[in-house]
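One structure below.
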Amino acid sequence: MEATMTRAPFPPPPATDQADAFIAALRALLGERGLTTDPQLMDTWLTDWRGRYTGRALALASPASTAEVAALVKLCAGHGVPIVPQGGNSGMAGGATPDASGQAILLSLRRMNAIRSLSAESGQAVCEAGVVLQTLHEAAEAAGLRFPLTLGGKGSATVGGLVSTNAGGTQVLRHGTMRAQVLGLEAVLASGEVLDLMTPLKKDNRGFDLKQLLIGSEGTLGIVTAATLRLLPAVSGRVTAWAGLGGIVEARDLLRRMEQAMGDALEGFEVVPAHCLESVLAHQPNARAPLTERHAWNALIECVSPSQDSAALQEAIETALGAAMDAGLVDDAVIAASEAQAEAFWQLRDGISAAERAIGPAMQHDISVPVERMPEFILAAVPAIETACPGTRAVAFGHLGDGNVHFHVLAPAGAVRGVWEEAEGKAVSARVHDLVTAWGGSISAEHGIGQMKVDELARLHDPVALAVMARVKQALDPANLLNPGKLLQASPPD
Ligand SMILES: Cc1cc2nc3c(=O)[nH]c(=O)nc-3n(C[C@H](O)[C@H](O)[C@H](O)COP(=O)(O)OP(=O)(O)OC[C@H]3O[C@@H](n4cnc5c(N)ncnc54)[C@H](O)[C@@H]3O)c2cc1C
């Protein structure tokens, strides 16, 4: 389903007596603030962030409490109405967009946005699902703490969405993905029961870790209503550097050196090829290249420390970069002279997707292979794709330190957006995914499967793993009412 740029809101699905009775019951449960069927009010939330998918919904429900979510799920189960959970709608795989049937309700968790508690003593925050990531950052900062996960969509992404997609971001290298931040979880199951696993226990061997089962399940196994999250002491020193390199192999070797030299202080290591940097410089009017010369690859390196001051940290990073230059790995490097300059470096990195989008249509792939093999993968995959798909340009950028890059294939010049993706882009993606699979990697490192990659997951994932996932889904949601058609195909393989 492709989005159209100037689209009138879909009309609501035809009303039937049954649907009317269901909506009336829902309204009685949630009140006027908690429910709308107004096409204009629902419209924004029915198209995904990238504008790829547009769906329809019976209603947009916005419960205010876990008890309301539980009652709503029971009501939906009684009427056989599917539920599509949604947080900030910043997901990249169409997971929070309903299908075109208009039979599902869109369940927004955004009203449940209380931070129930935040304690410097325990280093924990208890957040409802609708807390926006940036709000959590600000609340932690006010208490002299920080939440060690951040990403470009932080102004929209919610705790529930971050948990349900097992989001990553730019600090995974040091702190891990969302899985590592969740100490406790509360969720409403398809039965309407509330699974309360909120108490954070460092040691707990009472069988399956059910919270880990729910993390990354993209709303298909339960509705996340709250989470207990780990916080760390705020950093007192941060140093951000930009290095120019001759190749991606040098970037991997530099990463290894920086890991050894900086230890736990190394928090981010992102790679930016020359083409991506040039696209951003052309797209962002005030952006400036950090280095005077053009370099085939660039590395954005960030080190932080809760105890070391910036001067000591800067000295350590200068020494490490100097040694890397002497070893011929780095051609040139600069250390941000101020917070503003550090932010400007990050804006160059964060601006890549928007800049590439401005150039024309592209197929984006969020892939991972083992960190050690990533340079060889990029060196093999870029020419393989460009040769097989004449006129395209393949670029890889992002979280090298995690073995995860965004592998974008830009359409040939003159390709029409919305046409090329369907006509040729899908075949391009299949080639990329085949290559990733052959290299032992994952077709979704960060963004999840959503509706975008359901068929590709079914085609390429281990059949036994798929069958186990289908059995888990069957056990927890036998009527397939929680986010149907996402992550798993509607009819699981035999
Ligand atoms: C500019 C930008 C940069 C980004 N960078 C990164 C990045 O570096 N790393 C990364 O991992 N992601 C990144 N993302 C993607 C996105 O921010 C994450 O996937 C985020 O976790 C989605 O949160 P959300 O609240 O917007 O979820 P939504 O988009 O609303 O939903 C995402 C999925 O989670 C489900 N869901 C949402 N809330 C709940 C809930 N309470 N219970 C059950 N299921 C739920 C939805 O059904 C859907 O399947 C980026 C997005 C943007 C816009």
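Every number for a ligand or one of its atoms is a count from 1 in the order of the listing.
Atom OG1 of residue T199 and atom CG of residue L183 lie 11.0 Å apart, to the nearest 0.5 angstrom.
For atom 29 (O) of ligand 1, the nearest protein heavy atom (residue, atom name, distance) is G91 N, 2.7 Å. Counting protein heavy atoms only, atom 34 (O) of ligand 1 is closest to S164 CB, 3.6 Å. Summary of contacts: the protein heavy atom closest to atom 28 (P) of ligand 1 is N89 N, 3.6 Å. Looking at atom 9 (N) of ligand 1, its nearest protein heavy atom turns out to be E446 OE1, 2.9 Å. Looking from atom 31 (O) of ligand 1 to the surrounding protein, the closest heavy atom is A96 CB, 3.7 Å. Here the protein heavy atom with the shortest distance to atom 15 (C) of ligand 1 is S90 O, 3.5 Å. Closest protein heavy atom to atom 1 (C) of ligand 1: G152 C, 3.6 Å. In this structure, the protein non-hydrogen atom closest to atom 6 (C) of ligand 1 is L151 CB, 3.7 Å.
For ligand 1, the polar-atom distance check finds no N/O of Q86 at less than 3.5 Å from any of the ligand's N/O atoms.
With ligand atoms numbered from 1 in the order given, ligand 1 contributes 40 (C), 41 (N), 42 (N), 43 (C) to contacts under 4.0 Å with heavy atoms of V224. Remark: ligand 1 atoms within the under-4.0 Å shell around heavy atoms of G219 are 43 (C), 44 (N). Which parts of ligand 1 touch M92 is read off a 4.0 Å heavy-atom cut-off, strictly below it: atoms 2 (C), 15 (C), 50 (C), 51 (C), 52 (C), 53 (C). Those atoms of ligand 1 that come under 4.0 Å of a heavy atom in N483, given as number and element, are 47 (O), 49 (O). Of all atoms in ligand 1, numbered sequentially from 1 with element shown, those under 4.0 Å from a heavy atom of A167 are 11 (O), 21 (O). Residue G87 approaches ligand 1 through these ligand atoms, each under 4.0 Å from one of its heavy atoms: 25 (O), 28 (P), 30 (O), 37 (C), 38 (N). Each of the following atoms of ligand 1 lies closer than 4.0 Å to a heavy atom of G161: 21 (O), 23 (O), 24 (P), 25 (O), 27 (O), 37 (C), 38 (N). Those atoms of ligand 1 that come under 4.0 Å of a heavy atom in G222, given as number and element, are 43 (C).
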Report task. Evaluate side chain to side chain donor-acceptor pair (under 3.5 Å) for Q86 paired with S108, printing each intermediate quantity in order. Result -> CA-CA 5 Å; Q86 190 179 78; S108 166; 5.4 Å; no
Report task. Would you sort out whether R116 and E128 count as a side-chain contact (heavy atoms from CB on, under 4.5 Å), showing the intermediate values? Result -> CA-CA 7 Å; R116 292 181 189 163; E128 290 187 346; 3.6 Å; yes
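For the ligand labelled ligand 1, residue L109 lies inside the 4.0 Å heavy-atom shell. Taking a 4.0 Å cut-off on heavy atoms, G168 registers as neighbouring ligand 1. Heavy atoms of G448 come nearer than 4.0 angstrom to ligand 1 in no pair at all.
Residues L185 and Q212 fail the side-chain proximity criterion, which asks for heavy atoms closer than 4.5 Å. In this structure, the side chains of L26 and L75 come closer than 4.5 Å at one or more pairs of heavy atoms.
The minimum heavy-atom distance linking P200 with Q124 is given by the pair CG-OE1, 3.4 Å. Taking all atoms of both residues into account, the shortest heavy-atom contact from I378 to V405 is CD1-CG1, 4.3 Å. Closest of all the heavy-atom pairs between W49 and G91 is CB-O, 3.7 Å.
For atom 4 (C) of ligand 1, the nearest non-hydrogen atom from the set A354, G153, G88 belongs to G153. In this comparison of T165, I223, T220, the heavy atom closest to atom 21 (O) of ligand 1 sits on T165. Of the listed options G216, P85, G398, P85 places a heavy atom closest to atom 46 (C) of ligand 1.
You'll find the ring centres of H433 and H461 outside the 6.0 Å limit. Here the two rings, on F269 and H399, have centers that are 6.0 Å apart or farther.
The cationic group of R110 lies under 6.0 Å from the six-membered ring centre of W45 and within 45° of the ring axis, placing it in a cation-pi geometry.
Relative orientation of the F407 and H365 rings is tilted, given thresholds of 30° and 60° on the angle between their planes. Ring geometry for F22 against H79 counts as tilted: the plane angle lies between 30° and 60°, on a 0 to 90° scale.
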